[in-house]
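Here is the structure we will look at, set down as structure tokens.
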Amino acid sequence: MLRTSRVLHPITSLGPGRRLGIWVQGCTLACKGCMSRDTWDAGAGTPLSVDHLLELWREAVRAGVDGLTVSGGEPLEQAAALTEFLASVPLEGRDVLLYTGHELGELDDEQRAVLGHVDAVITGRYVAGEQPGLIWRGSANQRLVPLTPLGEERYRPFVDLASRAQVQVRVDDGLLWLVGVPPAGVLPKVEKRLRDNGIVFEEAAWRP
Ligand code: SF4
């Protein structure tokens, strides 16, 4: 079982093309300024079996996705379950991008095993105040590292690519999801703009 926060597609702001996004539930790294505090509690979220995740993947493939992005939360805190899933995904030329708050040198054997099924990884904690500037990353310390020949082909051109932040907005079941890496200061502005239009958040994942 992989405990997840949410699974969405198509995602277009966390990796190239249209992707299935899986947000893993649970993170103990507690980066100051994290916009996804709702993913911290390892007891929250929804446990999904590998079979269920594979069905979601097949459904996304039928809808035309180009790849899979695994984010969180901290995916490597469920390394064994994630390896089991990634080892069985029929990718058929599609790539896997993984986000982790860890640096590569911090990983144990079980966590490194996950990377054996990943084409590119974005590493490092979110550091508030360090403006990103680089595509798909939240702060300038985070590195995009291609790990396979496919990863080299698809991700090498983006390693040092500066980019304006892209954010997707999704509404599901009364919840508003912002998918991507918003620039610093944008979230309170979004909240104010919505409040001015009569939409008030009961909670926001970026507030302590
Ligand atoms: S930014 Fe990522 S690694 Fe850091 S606390 Fe938030 S979910 Fe965890």
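Index from 1, following the sequence. All values below were derived from every heavy atom in this structure, side-chain atoms included, with hydrogens, water molecules and symmetry-related copies excluded. Numbering of ligands and ligand atoms starts at 1, following listing order.
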Could you go step by step and tell me if Arg125 and Glu106 meet the salt bridge (charged side-chain N to carboxylate O under 4.0 Å, His left out) rule?
CA-CA 12 Å; Arg125 289 157 184 73; Glu106 295 176 320; 3.1 Å; yes

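- Set against the non-hydrogen atoms of Tyr126, the atoms of ligand 1 under 4.0 Å away are 1 (S).
- More than 12 heavy-atom neighbours from other residues, nucleotides or ligands sit within 6.0 angstrom of CG on Asp108.
- Side-chain N/O atoms of Glu74 and Thr28 include no donor and acceptor closer than 3.5 Å.
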May I have the step-by-step check of side chain to side chain contact (heavy atoms under 4.5 Å, CB included) for Leu104 and Leu115, ending in yes or no?
CA-CA 10 Å; Leu104 293 180; Leu115 299 189; 3.7 Å; yes

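- The protein heavy atom nearest to atom 3 (S) of ligand 1 is Cys27 SG, 3.6 Å.
- For atom 8 (Fe) of ligand 1, the N/O/S atoms of Cys34 include none lying under 2.8 Å.
- Considering only non-hydrogen atoms, atom 4 (Fe) of ligand 1 lies nearest to Cys31 out of Ser36, Cys31, Ala30, Ser71.
- Side-chain atoms of Gln111 never come within 3.5 Å of backbone atoms of His102 as a donor-acceptor pair (strictly under, hydrogens ignored).
- At a cut-off of 3.5 Å, with distance as the only test, a side-chain donor of Asp95 or Tyr155 sits close to an acceptor on the other residue.
- Using a 4.0 Å cut-off to heavy atoms of Trp40, the atoms of ligand 1 that qualify are 5 (S), 6 (Fe).
- In this structure, Tyr99 does not count as a contact residue of ligand 1, since none of its heavy atoms falls inside 4.0 Å of the ligand.
- If you check which protein heavy atom lies closest to atom 7 (S) of ligand 1, you get Gly73 N, 3.5 Å.
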